[in-house]
Each structure stands twice: as C-alpha cells, then as structure tokens.
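The structure presented is a predicted model; accordingly, all values stated were derived computationally and were not measured. In listed order, ligands and their atoms are each counted from 1.
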Amino acid sequence: MRRIRDLQSSHNRRNRLSKKVQEIEPSGIRKFFDLIIGRKDIISLGVGEPDFPVPWKIREEMIYALEKGYTSYTSNYGLYDLREAVAKYYKKFGVKSEPDNIIITTGVSEAIDLALRATINEGDSVLIPDPSYVSYKPLTILAGGNPILIPTLPDFKLNYEKISKYAKITSPKILIINYPANPTGISYRKKELEEIADAVIEYDLLVISDEIYAELTYSFNHVSIASLNGMEDRCIVMNGFSKAFAMTGLRVGYVIAPPDITSAMLKIHQYSMLCAPIVSQIGALEALKNAEDDLERMKAKYMRRRNFFVKKLRNFFDVLKPDGAFYVFPDIRNTRLSSEEFAEKLLMKKSVAVVPGNAFGECGEGHIRCSYAVSMDKLKEAINRIESFLKELNLI
Ligand code: PLP
C-alpha cells in the first residue's frame, strides 16, 4: 500500500506543474541577488529601486488614511479620484483619457500581465525588443503567446526597419515598447516614435507601451506613443508610482486603454486581484496632486549621478549616454569576459553587484546593467572598486 502511495506521489510530482511555468526561467536579476542578501560590504548597483524614501507628504497621507480606517476594498477600477487625477496628469504626455478607461493596478507588473492576457490568443506572436525588461517574455508565454525578440543592437532602439523585418515573417499581434528603457536607459523622441507608429499601423499591431520611467527622462521631454495620430485606439499605456515617486513596495500603477480592452482587462483584474491596496491608492493620489517638487528633487539627483557615472565609466568602457530611467549599460566586451563572468568576479573580488546583461536577452550579452539609484558616495566608491578590479585582472 505504502509503495503504491510512493509511486503515485512521484508520478503526480512529474505532472503537477503547468507546462508553461516549466518553460519560463526564474528572473536573472533575482537569481544573482539572492547571492548577496545580508552582506553589508556590498555596493549594490543591481536592483532597479530608488534609494530615496517615499516623500514624507505621501507617507503622511497614508498614515492619516489608516487612522481614519480606510482599509476596505475599492471599486475594481480603483478610486475614482485617483483615476481622474491620472487622466489629468497624463495629458502632460499628450494622452487624452477618461477615468472609465483607466484601471489602477498593483504596479505596472500587473498592468503588463493584464494587457497580455486580455489580448493574446494561443499562439499569437508578440514583438519584444532585445534586450528588455525581464517580465515581457515570461508573461507573454504564460498568456499563451509566442515571444518574438527583435535584436536592437547597436543603439538598443526599435525603428521602422527592425520592426518590419520581424513583422513580415511572424504576423504579430502586439508590439511591446518601453521607454525610457530598462536596462539601457534609451528613450525615443517624437520623430522616432512616429517612425515606430508607421510600422505599427502598416502591420496592424496593438502596442503595449510601458512608460514607467517617463518622469525620469533627462535629455528631452517624454511623449507617449498613444498621443500620435491614429495611435490612441491601438495603445495600452501603463505607468506607475514605483520609480518616479519611490513607491516600489506600495504596489500601485495604472493602465490606460481603449474601452474594449479596458473591459477585458478589468474582468481579469477583478478575479485575480480585486483592487489595488486602498492605502497605496490614497498615497498615489497625493503623489499626483502635491508631490511634483519631490519628484523634481529626486530627478535632479539622478541626473547628476548619471552625468558623473557615465563620464567615469567611459574611462574604461564604451557607454551610451542614457536618456532616462536610472540605468547605464556599459559594453564590457573589451575585458573578454562574458557578462556573467564579469558580474560574478566583480562581486566576489570587489563586492560590487551589477546585473549581467544577458539577464535581459541575448543582445544584452557583453554588457552589464548598473543602477545609479544609489548615493553619490557609493557611486564614487563603486568606480574606485571597478578600476582596481580591472587593473588587478590586467583587463585595462
Ligand atoms: N516595467 C519596467 C520597465 C520596470 O523596470 C519595472 C521594475 O523594475 C516594472 C515595469 C515593474 O514596476 P512595478 O513596481 O510598478 O510593478
């Protein structure tokens, strides 16, 4: 009897996981960072997380909310006032929207998942830039889609030719774009977006536009692709509070989409998430209404750090100057190490953590992602350690 039970349980274990889950890999970022948890000597340029606390006025609003006992569910869509504030705020990036086509989500992470699950039918192809943020490919697979990676080298940007080349052979349904981009920091000017929009219209695509770093654009003003002629009805735009307002742990973002897609996403959201946490939504409302000065303060610091860090890194590597976000993606091929070897050795020998570029796709190989969302002192120390690492290994 016991033997039968043993056999049965090993049999079940083989079959009990979904094939789709088995197909995806754990995040290359997390895998690396599990190695350093608890180590005090590390300078981490690894995680994409602001080093600033949530601005005090936002925290205060959330404390009051708790005091007043605001701990219930909200509407599935999210608080009306917050959606109204988002609609008003997004005009800044050229997009007209109504509270009814906005859903407040538990971060942009959920918005990406909703957009993909609401639009993909089994086997639909989804164009994804390579390299790009780690969740696009696995979430496409989980939604039943077929991820098609578009190599973006040498400038890490999409353009009409690159999209056409892959659209012609794969008949895709969706294009994902993210700008300013994680991991490269590139962004697009209006003219470049118009060229991308030409391809979108020609190949009849839907666009998932992840604009989470929109506020952290340093080189020019951010424009949403949804603001361009003919694009409004094709775009699912998402943004959130994690990066611009340093609210990562509060898990709040939003998605703006055409009415049919909003309704479809809402069905999934209401069953899987119900609503975003009410206290975080109240904090987000305060962020949009009153925290522009905090945002500008943090942005100015990121910009100074970017300028300093890029200049220093250029003593050792080829480095594209990032237009936005808080990442720089140096080309480390002159060291003849793979990106994983480089990141591992730098961590072991000098206690500086960076993310190997291949965590973001094959085209990220030969690069490392460094986040400059750390203090200037830490950046200076990181540069000293990188220099001494390269010298000790006779790499420079
Ligand atoms: N999209 C991009 C491009 C990101 O870099 C991140 C986080 O690093 C996210 C989405 C997830 O953001 P959220 O905290 O809003 O879920």
Side-chain angles (χ1 to χ4, degrees), residues 27-33 44-52 54 58 78 82 86 102-117 126 128-140 152 156-158 175-188 207-217 222 224-225 236-256 265 269 272-273 275-277 280-281 283-284 287-288 295 302 322-329 354-355 357 359-361 364 369-374:
S27 159
I29 304 182
R30 291 288 145 199
K31 197 172 67 187
F32 211 72
F33 284 90
S44 177
L45 310 180
V47 219
E49 177 149 18
D51 57 322
F52 302 107
V54 178
I58 299 176
L82 177 56
V86 167
I102 296 170
I103 304 173
I104 308 300
T105 56
T106 49
V108 172
S109 303
E110 192 211 351
I112 301 166
D113 190 36
L114 290 180
L116 290 166
R117 284 203 280 160
V126 178
I128 302 174
D130 181 357
S132 64
Y133 179 52
V134 291
S135 83
Y136 304 139
K137 183 178 165 194
L139 290 180
T140 296
T152 58
F156 295 123
K157 289 190 180 189
L158 290 172
L175 168 72
I176 301 184
I177 56 171
N178 161 229
Y179 64 101
N182 179 1
T184 59
I186 64 97
S187 195
Y188 300 102
V207 178
I208 294 181
S209 185
D210 178 347
E211 302 179 13
I212 192 166
Y213 297 101
E215 282 292 0
L216 304 179
T217 307
H222 179 87
S224 173
I225 189 164
I236 309 174
V237 175
M238 46 198 66
N239 200 331
F241 298 85
S242 291
K243 314 290 175 172
F245 296 98
M247 290 168 65
T248 48
L250 293 162
R251 312 306 307 128
V252 58
Y254 50 89
V255 53
I256 308 174
M265 290 193 295
H269 175 73
S272 62
M273 202 61 65
C275 66
S280 305
Q281 293 193 52
L288 290 187
L295 193 158
Y302 290 136
D323 301 309
F326 37 56
Y327 308 108
V328 53
F329 204 57
V354 296
V355 184
F360 305 94
R369 188 192 77 173
C370 309
S371 159
Y372 48 88
V374 295

Is the closest side-chain heavy-atom distance between V86 and I256 below 4.5 Å?
yes
Within a distance under 4.0 Å of any heavy atom of N178, pick out the atoms of ligand 1 and give their elements.
3 (C)
Can you report which non-hydrogen protein atom sits closest to atom 15 (O) of ligand 1, along with the distance?
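Looking at atom 15 (O) of ligand 1, the protein heavy atom closest to it is V108 N, 2.7 Å.
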Quick check: does any side chain N or O of R369 sit under 3.5 Å from a backbone N or O of G46, one acting as donor and the other as acceptor?
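Checking the backbone N and O of G46 against the side chain of R369, a donor-acceptor pair under 3.5 Å is found.
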Would you say N182 has any N or O atom under 3.5 Å from an N or O of ligand 1, going by distance alone?
yes
Among D210, L158, I208, the one residue meeting side chain to side chain contact (heavy atoms under 4.5 Å, CB included) with I177
L158
At less than 4.0 angstrom from any non-hydrogen atom of G107, what atoms of ligand 1 do you find?
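Per the distance check, 15 (O), 16 (O).
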Closer than 4.0 Å to some heavy atom of R251 - which atoms of ligand 1 meet that?
13 (P), 14 (O), 16 (O)
What residue among Y372, Y213, Y133, F360 forms ring-ring contact (aromatic ring centres under 6.0 Å, His included) with Y327?
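Testing each of Y372, Y213, Y133, F360 against Y327, the sole residue satisfying ring-ring contact (aromatic ring centres under 6.0 Å, His included) is Y213.
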Quick one: closest heavy-atom pair of T184 and P131, and the distance?
CG2-CG, 4.1 Å
Just to confirm my output: which protein heavy-atom neighbour is closest to atom 12 (O) of ligand 1, and how far is it?
I212 CD1, 3.2 Å
Checking the N or O distance criterion of under 3.5 Å, is ligand 1 in contact with Y136?
no
Atom 3 (C) of ligand 1: nearest protein contact (heavy atom, Å)
D210 OD2, 3.3 Å
Closest to atom 7 (C) of ligand 1 among E110, K243, E211 (heavy-atom distance)
K243
Can you tell which part of F241 has a heavy atom less than 4.0 Å from ligand 1: side chain, backbone, both or neither?
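No part of F241 is near ligand 1 at this cut-off.
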So which heavy atom on M247 is nearest to which on A287, and how close?
SD-CB, 4.4 Å
Which option out of G249, S371, S242, S109 puts a heavy atom nearest to atom 14 (O) of ligand 1?
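Considering heavy atoms of G249, S371, S242, S109, the nearest to atom 14 (O) of ligand 1 sits in S242.
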Any side-chain donor paired with an acceptor under 3.5 Å for H222 and E215?
no
Near-ring test Y302/F326, centroid separation under 6.0 angstrom:
yes
